[in-house]
Amino acid sequence: MTDSVALDPVDLDILRVLQNDARTTYRDLAETVGVAPSTCLDRVARLRRSGVILGHRLHLDPAKLGRGLEALLSVQVRPHRRELIGPFVERVRALPATRALFHLTGPDDYVVHVAVSDAADLQRLVLDDFTSCPEVVRVETRLIFQQWECGPLVPASPR
């Protein structure tokens with residue numbers, strides 16, 4: 001686990017604005033949070049260097065890209081040893097269908113969020129890319145009917 005970073009109210013205001021619109025210009029951001037543009041630029045650079053800001057994302061619609069069927073695959077790997085986990089994780093991350101991968105505690109070792117074109121593509125993915133691996137002992141598939149983005153990581157300002 002990484003240590004948290006000390007953030008003052010201006011840092012939090014910057015993060016509040018950027019988490020909702022990462023394309024905000026530095027000039028507009030500085031005006032919104034009440035600092036000079038050069039100060040704003042320095043603060044954003046510090047937030048990046050310290051690892052608070054990890055990057056910017058472009059959200060794509062999987063359905064419009066021909067991948068309208070999404071699922072969560074619960075995967076058990078045995079034996080659960082480091083020399084198997086590293087290559088397994090890299091193989092799953094390299095699959096074009098993989099949207100997210102989670103390493104868990106409990107009966108399932110991983111949950112993999114995938115986006116595929118249809119049920120036959122999902123079946124092919126499970127059979128060819130998961131259950132064909134000797135370390136994978138179980139895959140349970142759950143279809144995603146709908147999903148929602150949830151609240152911001154930095155809550156609204158108490159002011």
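Just so we're clear, the structure is a prediction, and the values are computed from it rather than from any experiment. Heavy-atom basis, side chains included; hydrogens, waters and symmetry copies ignored.
- In this structure, Arg16 and Val33 have side chains that are not in contact, with every pair of non-hydrogen atoms separated by 4.5 Å or more.
- Taking hydrophobic clusters as Ile, Leu, Val, Met, Phe, Trp and Tyr residues chained together by side-chain heavy-atom distances below 4.5 Å, Leu41 shares a cluster with Val44.
- For Arg67, the salt bridge (charged side-chain N to carboxylate O under 4.0 Å, His left out) criterion is met by no residue, not counting sequence neighbours.
- In this structure, the side chains of Thr39 and Val10 stay at 4.5 Å or more apart for every pair of heavy atoms.
- The two residues Asp109 and Val77 come nearest to each other via the heavy atoms OD2-N, 2.7 Å.
- Residues Leu73 and Tyr110 have side chains not in contact (no heavy-atom distance under 4.5 Å, counting atoms from C-beta outward).
- Residue Phe130 holds its CZ atom at 8.5 Å from CZ of Arg91, rounded to the nearest 0.5 Å.
- The same ILVMFWY cluster, assembled from side-chain heavy atoms under 4.5 Å apart, contains both Val89 and Val139.
- The number of heavy atoms from other shown groups lying within 6.0 Å of CD (Gln123) does not exceed 12.
- Of all non-hydrogen atoms in Asp28 and Thr24, the two that sit nearest each other are CB-CG2, 3.9 Å.
- Separation of atoms OG1 (Thr98) and CG (Leu125) is listed at 7.0 Å; rounding is to 0.5 Å.
- A salt bridge does not link Arg43 to Asp13: none of the charged nitrogens lies less than 4.0 Å from a carboxylate oxygen.
- Hydrophobic clustering (side-chain heavy atoms under 4.5 Å, transitive across Ile, Leu, Val, Met, Phe, Trp, Tyr) groups Leu12 together with Tyr26.
- Atom CG of Leu65 has more than 12 heavy atoms from other residues, nucleotides or ligands within 6.0 Å.
- When all heavy atoms of Ile14 and Cys40 are compared, the closest pair comes out as CD1-SG, 4.5 Å.
- Residues Leu143 and Leu122 meet the side-chain proximity criterion, which asks for heavy atoms closer than 4.5 Å.
- In this structure, Asp121 and Ser117 approach most closely via the heavy-atom pair OD2-N, 3.1 Å.
- Phe102 has its side chain out of reach of Asp108: every pair of non-hydrogen atoms, C-beta onward, lies at least 4.5 Å apart.
- Under a cut-off of 6.0 angstrom, the local environment of CZ in Arg124 is crowded, with over 12 non-hydrogen atoms contributed by other residues, nucleotides or ligands.
- A 6.0 Å sphere centred on CZ of Arg48 holds more than 12 heavy atoms belonging to other residues, nucleotides or ligands.
- Pairing each heavy atom of Pro107 with each of Arg78, the nearest pair is O-NH2, 4.2 Å.
- Among all heavy-atom pairs drawn from Ser74 and Val111, the shortest one is OG-CG2, 4.2 Å.
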| query | What do the steps show when you test Val75 against Val92 for side-chain contact (heavy atoms from CB on, under 4.5 Å), and what is the final call? | reply | CA-CA 11 Å; Val75 182; Val92 172; over 6 Å; no

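- Considering only residues two or more places apart in sequence or on other chains, His80 meets the ring pair (Phe, Tyr, Trp, His ring centres under 6.0 Å) condition with His103.
- Put simply, CG on Leu29 and CZ on Arg23 are 15.0 Å apart, with the number rounded to the nearest 0.5 Å.
- Taking hydrophobic clusters as Ile, Leu, Val, Met, Phe, Trp and Tyr residues chained together by side-chain heavy-atom distances below 4.5 Å, Leu69 does not share a cluster with Ile144.
- Separating the NE2 atom in His113 from the CD atom in Gln147 is a distance of 5.0 Å, to the nearest 0.5 Å.
- Considering Leu18, Asn20, Leu15 in turn, Leu15 is the only one that fulfils the side chain to side chain contact (heavy atoms under 4.5 Å, CB included) rule with Val154.
- Residue-environment remark: CD (Glu140) exceeds the threshold of 12 foreign heavy atoms within 6.0 Å.
- Each of Leu72 and Val136 belongs to its own hydrophobic cluster when Ile, Leu, Val, Met, Phe, Trp and Tyr are linked at side-chain heavy-atom distances under 4.5 angstrom.
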